[in-house]
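Below you'll find the structure, written out as structure tokens, and then a few comments.
Proteins get letters first, then strands, A, B, ... in listed order; numbering begins at 1 in each. Just so it is clear, the values below take in all heavy atoms, side chains as well, and ignore hydrogens, waters and symmetry mates.
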Amino acid sequence: MENRHEKIGLTDETVRKMYETMLLARRLDERMWLLNRSGKIPFVVSGQGQEAAQVGAAFALDRNQDYILPYYRDAAVVLAFGMTVKDLMLAAFAKAEDPNSGGRQMPGHFGQKKNRIVTGSSPVTTQVPHAVGIALAAKMDKKEYVSFVTFGEGSSNQGDFHEGANFAGVHKLPVIFLCENNQYAISVPADKQLASVKVSDRAIGYGMPGYTIDGNDPIEVYRYVQEAADRARRGEGPTLIETMMYRLTPHTSDDDDRSYREMEEVEKAKLSDPLLTFRKYVKETGVLTDEQEQQMEHAIQQIINEATDYAEQAPYPRQEQTLDFVYAEKEQGGAV
Amino acid sequence: MAVMSYIDAVTMALREEMERDQSVFILGEDVGKKGGVFKATAGLYEQFGESRVLDTPLAESAIAGVAIGAAMVGKRPVAEMQFADFIMPAVNQIISEAAKIRYRSNNDWNCPLVIRAPYGGGIHGALYHSQSVEAIFANQPGLKIVMPSTPYDVKGLLKAAIRDDDPVLFFEHKKAYRLIKGDVPEEDYELPIGKADVKRKGEDITVITYGLCVHFALQAAEKLAKDGIEAEVVDLRTVYPLDKEAIIESASKTGKVLLVTEDNKEGSIISEVAAIIAEHCLFDLDAPIQRLAGPDVPAMPYAPTMEKYFMMNPEKVEKAMRELAEF
């Protein structure tokens, strides 16, 4: 197999790390489903099948200064940006120590200021204008960072996508809009979501380049996101990148996808599961030896086991913590 | 101390805060070269440049959402909605996002944002340039809603709003912009958000209101005084969260309370004030709590006859005050 990562300046070590992050996200996701089906956690929203685009993009960013505004399937993005498996497990179990929300939000609602992971909500696409505002602040203060925001193809119908993209285009702001087109918005397929052929067709309306690329290929995604980040840092404005992929699981643990899609279609998509295809790549290019792979799997399993045990035993928030942090602390308990 | 109009106090507060703090900036429709459709930001574009007085595309959700993003990374945005009526496309950003950012992140993130908007009727603005929209936001913990009545309060409260570490909606009565004038000190001062202000002391009845209606109540109170009726006028100033202490204190003192708003009556700010008084002051009351408000129709019509019927005025307030005093 042709070595494609050297050509774009990626070392074997980095590519190994990319594969490891994808594998970590997948194994963690699988564990979450087990915990859900055994009644230990109430909810899972899955990123299976989307790890390649997530990891390719995250590794192309400057993980020491860029801001990310992930959507709910982006566990691999936040893992790459410094959130730990333990952090995500604490969120899954809704424990007090959860750094995302202190047990307030459902899993998948990421946020961690120290890693510049911007807090998100459930109404989709509200994060897009936020990313634009963060980029506006970068431009105003002549800072070097870019903001990176993700969303699904269904979300690209929301007004906030269009309003935000247009604003960024008008003011040439350093934003990367990354659509994770996984073919389904819950049950509705992309052809019932989009009047255009591609989400990236929308870019021209907002004065930015738009690309549709293979989201199952992390090297390809890395290349495009790196170029978009370079453009942004040069002051040339935003880029829209649509990454094509397939959602391998139901929408969430509360969804049954057999009611709206053929299981043959899912089985077929599994043949190009990015975890399998990228595994093949790292093995055949000699980036990952069998022995290293075994060690990797073993280490990941151990991390996930420890995180699960820790999170399961960790305390819930105290009931009265419900009342905390409505406003800045100094104003708590002021009025009658 | 200079006498200035309500809108000049807005501009003065904005200018002083922008001079004081580099992180303060303005964004909205027509706020730049034009200086705003009401001229609230007049001269600021010339003084601070385009990067700090930003004309945005005509898209209110983006105005709010972009401001929220900038606020989360340390800016102090002051977003202008051209009319309060046009804040509706931004409601998701304000309620789902701004109001909840601190809470949902367990105090990790916050959103020091001000959204200014002119509200209110009596200016031939019809349905979509006359509305009072505060009640929509007044059951959203995480938000603060300030509605000043005087130029002095405008300056002190707008400065406080800009310095506040949480999102503040700052509604300015558009009829007050040039109608209401008052003394405004040149020096820097802040007024506390969340505190009502007794604009007139009295022993016989209490009128609790906010915004332009404060002036109607004060005018009416002077007429009543000639007949020996002394009305206390409480200006809420912050309509959310309410200053319960001040409400309870005045209601308990006079035992007769008239609540006034220009908004529709049902589910309005004064409905919550009435509930607070009912909960805390029942045995101090000498008359049923009275509410004087706009009719429960969708919004203020254009024809002068209908506008006058809808709109609050000093005569309506005076009549209601006399009836209560005589109860």
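With a 4.5 Å cut-off on non-hydrogen atoms, B:E60 touches chain A through its backbone but not through its side chain. With a 4.5 angstrom heavy-atom cutoff, A:V128 does not touch chain B via any of its atoms. Looking at B:N92, only its side chain comes within 4.5 Å of chain A, counting heavy atoms on both sides. Of the two parts of A:F110, neither the backbone nor the side chain holds a non-hydrogen atom closer than 4.5 Å to a non-hydrogen atom of chain B. Residue contact with chain B, scored on non-hydrogen atoms closer than 4.5 Å, involves the side chain of A:H171 exclusively. Neither the backbone nor the side chain of A:P317 comes within contact range of chain B; no heavy atoms are under 4.5 Å apart. Only the side chain of B:L54 has a heavy atom closer than 4.5 Å to any heavy atom of chain A.
The CD1 atom of B:I101 sits 5.5 Å away from the NE2 atom of A:H130 when rounded to the nearest 0.5 Å. Separation of atoms CD1 (A:I117) and OG (B:S105) is listed at 12.5 Å; rounding is to 0.5 Å. With rounding to the nearest 0.5 Å, the separation of NZ in B:K100 from OG in A:S121 is 9.0 Å. Here CG of B:N106 is found 5.0 Å from CZ of A:R104. Values are rounded to the nearest 0.5 Å. To the nearest 0.5 angstrom, B:M72 atom CE is 6.5 Å from A:L69 atom CG. Separating the CD1 atom in B:I95 from the OG1 atom in A:T126 is a distance of 13.5 Å, to the nearest 0.5 Å.
Nearest heavy-atom pair, A:E163 versus B:A62, reported as atom, atom and distance to 0.1 Å: OE1-N, 2.6 Å. In terms of heavy-atom proximity, B:P57 sits nearest to A:V170 at CG-CG2, 4.3 Å. Listed here is the closest heavy atom pair of B:F25 and A:L136: CE1-CD2, 3.9 Å.
When each of A:G120, A:G164, A:A135 is scored by its heavy-atom pairs under 4.5 Å with chain B, the top score falls to A:G120. Top candidate by heavy-atom pairs under 4.5 Å with chain B, chosen from A:S122, A:P129, A:G111, is A:P129. Comparing B:T56, B:D108, B:I68 by how many heavy-atom pairs each has under 4.5 Å with chain A, the most go to B:D108.
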Practice problem: For the pair B:N107 and A:D324, evaluate side chain to side chain contact (heavy atoms under 4.5 Å, CB included) and give the outcome as yes or no after the intermediate values. | Solution: CA-CA 9 Å; B:N107 210 32; A:D324 291 346; over 6 Å; no

Practice problem: Begin from the C-alpha positions of A:R116 and B:V73 and carry the test side chain to side chain contact (heavy atoms under 4.5 Å, CB included) through to its verdict. | Solution: CA-CA 9 Å; A:R116 296 164 318 288; B:V73 295; over 6 Å; no

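Within a 6.0 Å radius of CD in A:E320, more than 12 heavy atoms belonging to other residues, nucleotides or ligands are found. Annotation for B:Q47: atom CD counts as buried by contact number, over 12 foreign heavy atoms lying within 6.0 Å. Within a 6.0 Å sphere centred on CD of B:E249, heavy atoms belonging to other residues, nucleotides or ligands number 12 at most. For B:Y128, the OH atom counts as loosely surrounded, since its 6.0 Å shell holds 12 or fewer non-hydrogen atoms of other residues, nucleotides or ligands.
Between A:D141 and B:Q22, the closest side-chain pair of non-hydrogen atoms is not below 4.5 Å. Taking the side chain as every heavy atom from C-beta outward, B:N110 and A:F325 never approach each other to under 4.5 Å.
Geometric assessment of B:R102 against the ring of A:Y327 yields a negative cation-pi assignment under the 6.0 Å and 45° thresholds.
A donor-acceptor pair under 3.5 Å is absent between the side-chain atoms of B:R104 and the main chain of A:S101, judged by distance alone.
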